[in-house]
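Just so we're on the same page: letters track the sequence lines, and every chain starts at 1. Hydrogens, waters and symmetry mates are skipped; everything else that's a heavy atom, side chains included, is used.
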Amino acid sequence: AQSVSQHNHHVILSEAASLELGCNYSYGGTVNLFWYVQYPGQHLQLLLKYFSGDPLVKGIKGFEAEFIKSKFSFNLRKPSVQWSDTAEYFCAVKAGNTGKLIFGQGTTLQVKP
Amino acid sequence: DGGITQSPKYLFRKEGQNVTLSCEQNLNHDAMYWYRQDPGQGLRLIYYSQIVNDFQKGDIAEGYSVSREKKESFPLTVTSAQKNPTAFYLCASSTGQGAAGELFFGEGSRLTVL
């Protein structure tokens, strides 16, 4: 069965620090990969997604993620975080052509001003 | 405005009672999903439906039931068989086209069992 693992449960950074959140998945076939973000008191919303082509994908608000197939990873990065990036971040995987989207446990990011 | 409407936002239930959470979408999406969100466990898939009159179990379907009689609606019933029903429930929909459809989420329903 497919699964998604996020290694960091709670990350605390100062403004302007660089961010990398890890995400690994287990599934041997074709995958579609997503990062969602949940700002305090708001809906979950899509940050970025990968489904084919360039493994380096860019999303909203300066975020990017790199799909490394050999490592089954899809890590999220941002060169310089802002206080407004404080939120919970979820990695998600859709395996093949199934309709099933599986989420990781989430990472809470706290950015100190 | 197009979107997903979940109701009620807050719900209290006594042990042994069934309760139904509503999810309606006007995005003309084919696929709909129910997730349960618990602290430290992320979102866990309860049920999903890719087309009307069809649905599949997710990873934690025990104690839950759904129906998909209309494209716009995907209600979730939390039955008395669910051992730990207190949680935040999220409904989502997707175009379902291919495997790359983005999920759009509702605001969620918080169920508390007294």
Side-chain angles (χ1 to χ4, degrees), chain A residues 1-11 21-27 29-53 57 59-60 67 74 87-108, chain B residues 1-6 9-10 23 25 27 29-52 54-61 66 68 74 87-110:
Chain A
Q2 66 190 90
S3 65
V4 181
S5 177
Q6 293 181 239
H7 317 298
N8 319 99
H9 297 296
H10 196 169
V11 173
L21 301 183
C23 173
N24 285 89
Y25 64 92
S26 64
Y27 182 74
T30 303
V31 292
N32 297 118
L33 302 159
F34 305 81
W35 276 96
Y36 283 84
V37 60
Q38 188 171 33
Y39 297 103
Q42 295 188 27
H43 293 202
L44 270 156
Q45 58 186 279
L46 183 70
L47 204 51
L48 48 78
K49 67 180 179 181
Y50 169 83
F51 49 94
S52 66
V57 292
I60 60 172
F67 170 47
F74 190 54
E88 191 159 15
Y89 293 81
F90 295 92
C91 180
V93 175
K94 191 180 283 188
N97 280 319
T98 72
K100 198 174 171 183
L101 185 66
I102 301 299
F103 284 78
Q105 305 94 319
T107 298
T108 300
Chain B
D1 280 2
I4 299 176
T5 302
Q6 287 187 242
K9 198 168 182 179
Y10 298 96
C23 179
Q25 55 101 355
L27 300 168
H29 285 170
D30 289 314
M32 296 186 75
Y33 303 77
W34 274 106
Y35 289 89
R36 170 180 170 145
Q37 186 175 13
D38 296 284
Q41 297 193 59
L43 278 69
R44 291 182 290 166
L45 183 62
I46 304 173
Y47 269 98
Y48 63 107
S49 167
Q50 293 183 271
I51 197 167
V52 175
D54 189 37
F55 49 83
Q56 288 79 39
K57 291 182 179 180
D59 296 323
I60 56 164
V66 293
R68 187 85 189 276
F74 191 42
F88 188 58
Y89 292 89
L90 283 166
C91 180
S93 71
S94 163
T95 60
Q97 291 176 1
E102 170 188 350
L103 259 60
F104 293 83
F105 285 88
E107 289 188 333
S109 293
R110 186 168 296 280

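With A:S5 contributing its side chain and A:N24 its backbone, the two residues share no donor-acceptor pair below 3.5 Å. Here the side chain of B:W34 pairs a donor or acceptor atom with the backbone of B:F74 at under 3.5 angstrom. Of the possible polar contacts, one joining the A:Y36 side chain to the B:L103 backbone as a donor-acceptor pair under 3.5 Å is found.
Just one residue in the list A:F51, A:Y50, A:F34 forms a ring pair (Phe, Tyr, Trp, His ring centres under 6.0 Å) with A:F67, and that residue is A:Y50.
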Practice item. Evaluate side-chain contact (heavy atoms from CB on, under 4.5 Å) for A:L47 paired with A:I60, printing each intermediate quantity in order. Key: CA-CA 6 Å; A:L47 204 51; A:I60 60 172; 3.6 Å; yes

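Of the atoms belonging to B:Q37, it is side-chain heavy atoms, and not backbone ones, that fall under 4.5 Å from chain A. Contacts between B:L90 and chain A at a heavy-atom distance below 4.5 Å involve the side chain alone, from C-beta outward. In this structure, chain A has a heavy atom under 4.5 Å from the side chain of B:Y35, while its backbone stays farther away. With a 4.5 angstrom heavy-atom cutoff, A:Q38 touches chain B only via side-chain atoms. Residue contact with chain B, scored on non-hydrogen atoms closer than 4.5 Å, involves the side chain of A:E88 exclusively. Heavy-atom distances place both the backbone and the side chain of B:L43 under 4.5 Å from chain A. Looking at B:Q41, the atoms closer than 4.5 Å to chain A (heavy atoms on both sides) all sit in the backbone: N, CA, C or O.
Contact between A:N8 and A:G22 at its shortest, heavy atoms only, is OD1-N, 3.3 Å.
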